[in-house]
Amino acid sequence: MLSMIEYNERVSDDIYLMELRSERVAQMARPGQFVHVLVDSEGYILRRPFSICDTDGKTIKILYRVKGVGTRIMSRMIPASSMDIIGPLGRGFDEMDGSVAIVGGGIGLAPLVYLANTIKRGSMFLGFNGKPFGIDLIRNPGIDIRVATMDGSSGYRGNVIELFEAALNDERYSCVYACGPKAMIKEVKRLCNEYGMVGEASFEERMGCALGSCMVCSIPLKDKSGPKYARVCKDGPVFNLSEVIFGRV
Ligand SMILES: Cc1cc2nc3c(=O)[nH]c(=O)nc-3n(C[C@H](O)[C@H](O)[C@H](O)COP(=O)(O)OP(=O)(O)OC[C@H]3O[C@@H](n4cnc5c(N)ncnc54)[C@H](O)[C@@H]3O)c2cc1C
Ligand code: FES
């Protein structure tokens, strides 16, 4: 489906925010779902997956890092031009009861913004290497935001797991939502086990069809009779952390 670009601006060093007009996607989307984007250039037939970072019922936002050729082309696209998107795709975050913590690392913030804007209240722990970005997209006054930066330029100096673990000395959460590097998500799972919290995280894998047919994006999950394979595009990208086998992810 062709969607018109309303806005596409750099918000930090290599981070861009794009807003696309698509009432259908905006109204059907749930936090944690993604869109599959066809980069507008000949020769690039593989679509790129991006989390829906927010919606206002008429448009969706994508917060993206320029990583390779596809995202570089995206960063040069101008308002009023169109992009072909498919979505919303995948299984998003479940609604969980109780006190909520949200843990994000780097561009993993993208799906968590949408989640944070839809829940009543919670604490958000965000980690960045350098200058934080995208925090202004969180509109919910019920979210208490705490920041860690590796270079100490903002908030706690160190990684977001240290910040979250220190908070767990005094605070109790019943559930945790996470997105970020796999090493970070693995640590969130450890903390879920230690503090009796239920955890869900959004995972990234390279994708082909993003419709559940090609199995390119499979990851192993725990099952009674050994590992079973799940498709990140269709069964995820959000999985319960108790199911995920990290040694193999
Ligand atoms: C469910 C999901 C949600 C995502 N949400 C976001 C987001 O909100 N913001 C953001 O910046 N990035 C997100 N990513 C990662 C994003 O898809 C890649 O950074 C992007 O595809 C890179 O494309 P490229 O052409 O610039 O890079 P290249 O390295 O040139 O890409 C080459 C190929 O590898 C694939 N690829 C490369 N890196 C990744 C990756 N990390 N995950 C999946 N495929 C990859 C590309 O899609 C492309 O097919 C998400 C990935 C997934 C799976
Ligand atoms: S990308 Fe084809 S099954 Fe997931």
Side-chain angles (χ1 to χ4, degrees), residues 8-20 25 29-55 59-77 83-93 102 104-117 126 128-129 132-135 137-138 177-185 200-221 228-239 244 249:
N8 189 29
E9 294 285 335
R10 192 162 78 103
V11 295
S12 186
D13 295 343
D14 54 353
I15 306 291
Y16 285 71
L17 181 68
M18 180 183 277
E19 186 172 23
L20 290 156
V25 178
R30 295 286 169 269
Q33 289 190 299
F34 68 97
V35 286
H36 216 198
V37 168
L38 187 63
V39 173
D40 182 23
S41 186
E42 282 178 28
Y44 297 106
I45 50 167
L46 276 184
R47 289 173 180 266
R48 269 70 173 159
F50 295 95
S51 302
I52 297 169
C53 171
D54 208 1
T55 77
T59 64
I60 59 163
K61 290 192 176 77
I62 296 173
L63 185 69
Y64 64 98
R65 165 164 280 136
V66 173
K67 183 174 180 200
V69 65
T71 43
R72 190 159 304 113
I73 292 169
M74 278 170 66
S75 71
R76 293 179 187 143
M77 295 183 76
M83 280 224 310
D84 185 329
I85 64 169
I86 298 175
L89 297 173
R91 176 183 164 274
F93 294 105
I102 301 175
I107 194 65
L109 167 68
L112 302 177
V113 168
Y114 186 11
L115 177 74
N117 285 337
L126 297 174
F128 301 90
N129 280 328
F133 55 81
I135 293 180
L137 297 169
I138 300 158
Y177 298 101
C179 186
K182 278 184 189 141
M184 184 208 88
I185 298 178
E200 281 194 348
S202 180
F203 287 82
E204 281 186 14
E205 281 299 321
R206 291 188 178 228
M207 292 184 178
C209 67
L211 298 170
S213 312
C214 71
M215 305 304 283
V216 160
C217 62
S218 299
I219 62 166
L221 298 184
K228 66 171 183 191
Y229 283 84
R231 299 154 301 179
V232 169
C233 68
K234 188 89 177 172
D235 308 309
V238 175
F239 292 97
V244 178
V249 170

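We count ligands from 1, going down the list as the structure has it; atoms in each ligand are counted the same way.
Not a single N or O atom of Y64, backbone or side chain, sits closer than 3.5 Å to an N or O atom of ligand 1. Considering both main-chain and side-chain atoms, G70 comes within under 3.5 Å of ligand 1 through a nitrogen or oxygen pair. The shortest N or O to N or O distance between V69 and ligand 1 is below 3.5 Å. Between P111 and ligand 1, no pair of N/O atoms sits closer than 3.5 Å. Backbone and side-chain nitrogen or oxygen atoms of P49 are examined, and one is located within less than 3.5 angstrom of a nitrogen or oxygen of ligand 1.
Around atom 7 (C) of ligand 1, the closest heavy atom drawn from V238, L63, L89, V216 belongs to L63. Here the shortest heavy-atom distance to atom 43 (C) of ligand 1, taken over M74, E205, M207, belongs to E205.
Minimum interatomic distance between I219 and E205 (heavy atoms only, all atoms of both residues): CG2-CG, 3.7 Å. Shown here for M184 and C179, the closest heavy-atom pair between the two residues is CE-O, 3.5 Å.
Of the protein's non-hydrogen atoms, the one nearest atom 19 (O) of ligand 1 is K67 CD, 3.6 Å. Summary of contacts: the protein heavy atom closest to atom 31 (O) of ligand 1 is R48 NH2, 3.9 Å. The shortest contact between atom 10 (C) of ligand 1 and any protein heavy atom is with I107 CG1, 3.6 Å. Annotation: atom 28 (P) of ligand 1 to nearest protein heavy atom, G68 CA, 3.9 Å. Of all protein heavy atoms, the one closest to atom 49 (O) of ligand 1 is L46 CD1, 3.6 Å. In this structure, the protein non-hydrogen atom closest to atom 40 (C) of ligand 1 is E204 OE1, 3.5 Å. For atom 11 (O) of ligand 1, the closest heavy atom belonging to the protein is R65 N, 2.8 Å. When only non-hydrogen protein atoms are considered, atom 44 (N) of ligand 1 lies nearest to R206 CA, 3.6 Å.
The parts of S51 lying near ligand 1 are both backbone and side chain, judged by heavy-atom distances below 4.0 Å.
Counting only protein N, O or S atoms, the number found under 2.8 Å from atom 2 (Fe) of ligand 2 is 2.
Between the D235 side chain and the A230 main chain, no donor and acceptor come within less than 3.5 Å of each other. Although no hydrogens or angles enter the test, the distance criterion places no donor-acceptor pair under 3.5 Å between the side chain of Y229 and the main chain of M215. Not a single donor-acceptor pair under 3.5 Å links the side chain of E19 to the backbone N or O of K61.
Side chains of I62 and V37 form a contact here, defined as non-hydrogen atoms less than 4.5 Å apart. Using a 4.5 Å cut-off on side-chain heavy atoms (C-beta onward), L20 and V25 make no contact.
If you take CG on L17 and OG on S75, they are separated by 13.0 Å, rounding to the nearest 0.5 Å. Distance check: L137 CG to L112 CG gives 12.0 Å after rounding to the nearest 0.5 Å. Rounding to the nearest 0.5 Å places CG of L38 at 4.5 Å from CZ of R47. For the atom pair SG (C233) and CZ (R206), the distance works out to 15.5 Å, reported to the nearest 0.5 Å. Here the CG atom belonging to L89 is positioned 7.5 Å from the CD atom belonging to Q33, to the nearest 0.5 angstrom. The distance from the CE atom of M18 to the CE atom of M83 is 4.0 Å, given to the nearest 0.5 Å.
The ligand atoms of ligand 1 that sit less than 4.0 angstrom from a heavy atom of A110 are 8 (O). Atoms of ligand 1 lying under 4.0 Å from any heavy atom of T71, numbered from 1 in the order shown and given with element: 24 (P), 25 (O), 26 (O).
The environment of CG in N129 is sparse: at most 12 heavy-atom neighbours from other residues, nucleotides or ligands sit within 6.0 Å.
In this structure, atom 51 (C) of ligand 1 is in close contact with the protein, since a protein heavy atom lies within 4.0 Å of it.
For F239, there are no ring-ring contact (aromatic ring centres under 6.0 Å, His included) partners two or more places apart in sequence or in a different chain.
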